[in-house]
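What's counted below: heavy atoms across the whole structure, side chains too, no hydrogens, waters or symmetry copies. In what follows, chains are A, B, ... by sequence order, proteins preceding strands, each numbered from 1.
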There are 2 protein chains.
Amino acid sequence: MNARPPGRPRILSRERIVAMARRIADDEGLDALTVRRVAQRLGTGQASLYRHIEDRDELLRLLAEDVAVHLPGAGEQADPRERVVGQWLDAYDYLARHRWAARIIAEGEHVADSASVFSSSALDALGSLADTAPGATGASRADLARVYRVLWHLLLGHVLNVHPVGHAEATADEATADAAGAEDATDVSGPHGPHGSHGPHGPHGVSTPRDDFVWALPRVLDGVLGAS
Amino acid sequence: MNARPPGRPRILSRERIVAMARRIADDEGLDALTVRRVAQRLGTGQASLYRHIEDRDELLRLLAEDVAVHLPGAGEQADPRERVVGQWLDAYDYLARHRWAARIIAEGEHVADSASVFSSSALDALGSLADTAPGATGASRADLARVYRVLWHLLLGHVLNVHPVGHAEATADEATADAAGAEDATDVSGPHGPHGSHGPHGPHGVSTPRDDFVWALPRVLDGVLGAS
DNA sequence: ACCTGAACACCGTTCAAGT
DNA sequence: ACCTGAACACCGTTCAAGT
């Protein structure tokens, strides 16, 4: 819409602010995201941002909404179960790439609406699955919402818990106490590929957070959809 | 061990610092917990704390460990299922009272050990349940650790997600868009009482986060323990 | 009319000066 | 030897002075 003047673009806007903020958050984490840094990177004075945003909290909210809007919808698979599992794995991969946003979304109160394309799409897919399931007599809308929330919380828990080995690891395989090898598993290899095709274990035989989620998702689905 | 001098206790120690920090975090939240405030409330200079702690991050870690150590063990119920469900509900209630700690634990890397009484106790209970389950042929230690992690992530997700109504609510019961009534559900009525005895709905017919967890826990348990 | 440098009230952390 | 006031380098936010 606006003709961009030559050289560095001048006109400040909410969109440009949010875009730059998102780049900083993705690159350097939420703590590095200061109002002053955003202004500096945009080449404006520190106080200028307050013409477009109320305060830092609003910036964080805008940021979280920007992420929430882009949560993936359900795919086009014919099998409702594949559709459900696929969407939630996509959502996991997406949020794992923006952990900071997951943190804000979990804490924020008004981001729910921004995720409506995700949530309504997910509810539809869950509805189809509930109707198709063997023995299940369909589920009420309230039950579906409950199932949705359980999956959402399961997803949040897996995304927000950072350290790759859960509490249990040290207890599970007794001796090797300090064998917490894999430090950063940030490179989850871009595209979401064939879901759950590879084995359940990482290079060292320890399971990554994503492996845990891949393992848990279908089983949890069985549990929460089994009985009404 | 130390004789306390009359008037305000003088000797500074890690314990006193952590205790005061915990009180501030519980009362006013994690953001209000500044190094300077802790020092002020203890009646010492701001710089004095650095004789006992490395920096603010270490203080947060000590705080999280203090909470993690006090995670509840499994009860004495004869039925392993009741033992498992009871422990995890206790853990939920405990962490819900210290959300700030859940946040630190999720992000921290070295708190795992502090939760060992919780995790090993939980693994034992889960082991008993897996052996007792009808049709299940027991589970390997690795599987149990996986189940443990899934429950832990489910718990974390429920605790960390603040707003009482999940995304779905607005989508689930169409019309009533802005009927997000119950703002603060902080008073979860002290003792943990009879687990899951009351109905699944809050006063307004909307389910609280705790209700969701109560509903999800046994079903998820079925799902993850059902097939090996 | 619109923008923003400088100022204010906070942080965490350090270090030299105090006892 | 031990403690800590004052200082430093950052914050978010405001407001009067600039254009």
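Side-chain contact between B/Val35 and B/Gln46: absent, with no pair of heavy atoms (C-beta onward) separated by less than 4.5 Å. Contact check for B/Ile53 versus B/Leu62: side-chain heavy atoms found under the 4.5 Å cut-off.
A/Glu28 CD: more than 12 foreign heavy atoms inside a 6.0 Å radius.
Mapped onto DNA chain D by nearest heavy atom, A/Arg51 and A/Arg36 fall at different nucleotides, with A/Arg36 at the one closer to the 5' end. Place B/Ala32 and A/Ala47 on DNA chain C by their nearest nucleotides, and A/Ala47 ends up nearer the 5' end.
Phosphate contact (OP1/OP2 of D/dT4, side-chain N/O of B/Ser48, threshold under 4.0 Å): present.
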Inset, instruction - Could you provide the dot-bracket string of DNA chain D, using ( ) for intrastrand pairs, [ ] for crossing pairs and | for bases paired to another strand, with Watson-Crick or G-U pairs below 3.5 Å? - result: ||.|||||...|||||.||
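If you take CG of A/Leu59 and C1' of D/dC11, they are 15 Å apart, rounded to a whole angstrom. Put simply, CD on B/Gln46 is 10 Å from C1' on C/dT13, counting in whole angstrom units. Between the CD1 atom of A/Ile17 and the P atom of D/dG12 there is a distance of 13 Å, rounded to whole Å. For the pair A/Glu58 CD and D/dT13 C1', the interatomic distance rounds to 14 Å; values are reported in whole Å. Remark: P of C/dT14 and CD of B/Glu54 are 8 Å apart, rounded to the nearest angstrom. In this structure, the CG atom of B/Leu12 is 12 Å from the C1' atom of D/dT4, given to the nearest Å. Remark: C1' of C/dC11 and CG of B/Leu49 are 14 Å apart, rounded to the nearest angstrom. The nearest whole Å value for the distance from the OH atom in B/Tyr50 to the C1' atom in D/dA6 is 15 Å.
Remark: aromatic rings of B/Trp88 and B/Tyr148 are close, center separation under 6.0 Å.
Residue B/Arg146 holds its CZ atom at 7.5 Å from CZ of A/Arg219, rounded to the nearest 0.5 Å.
Between A/Arg103 and A/Glu107 there is no salt bridge, since no side-chain nitrogen of the basic residue lies less than 4.0 Å from a carboxylate oxygen of the acidic one.
Using the six-membered ring where Trp is involved, A/Tyr92 and A/Phe213 have ring planes that are parallel, under 30° apart on the 30 and 60° scheme.
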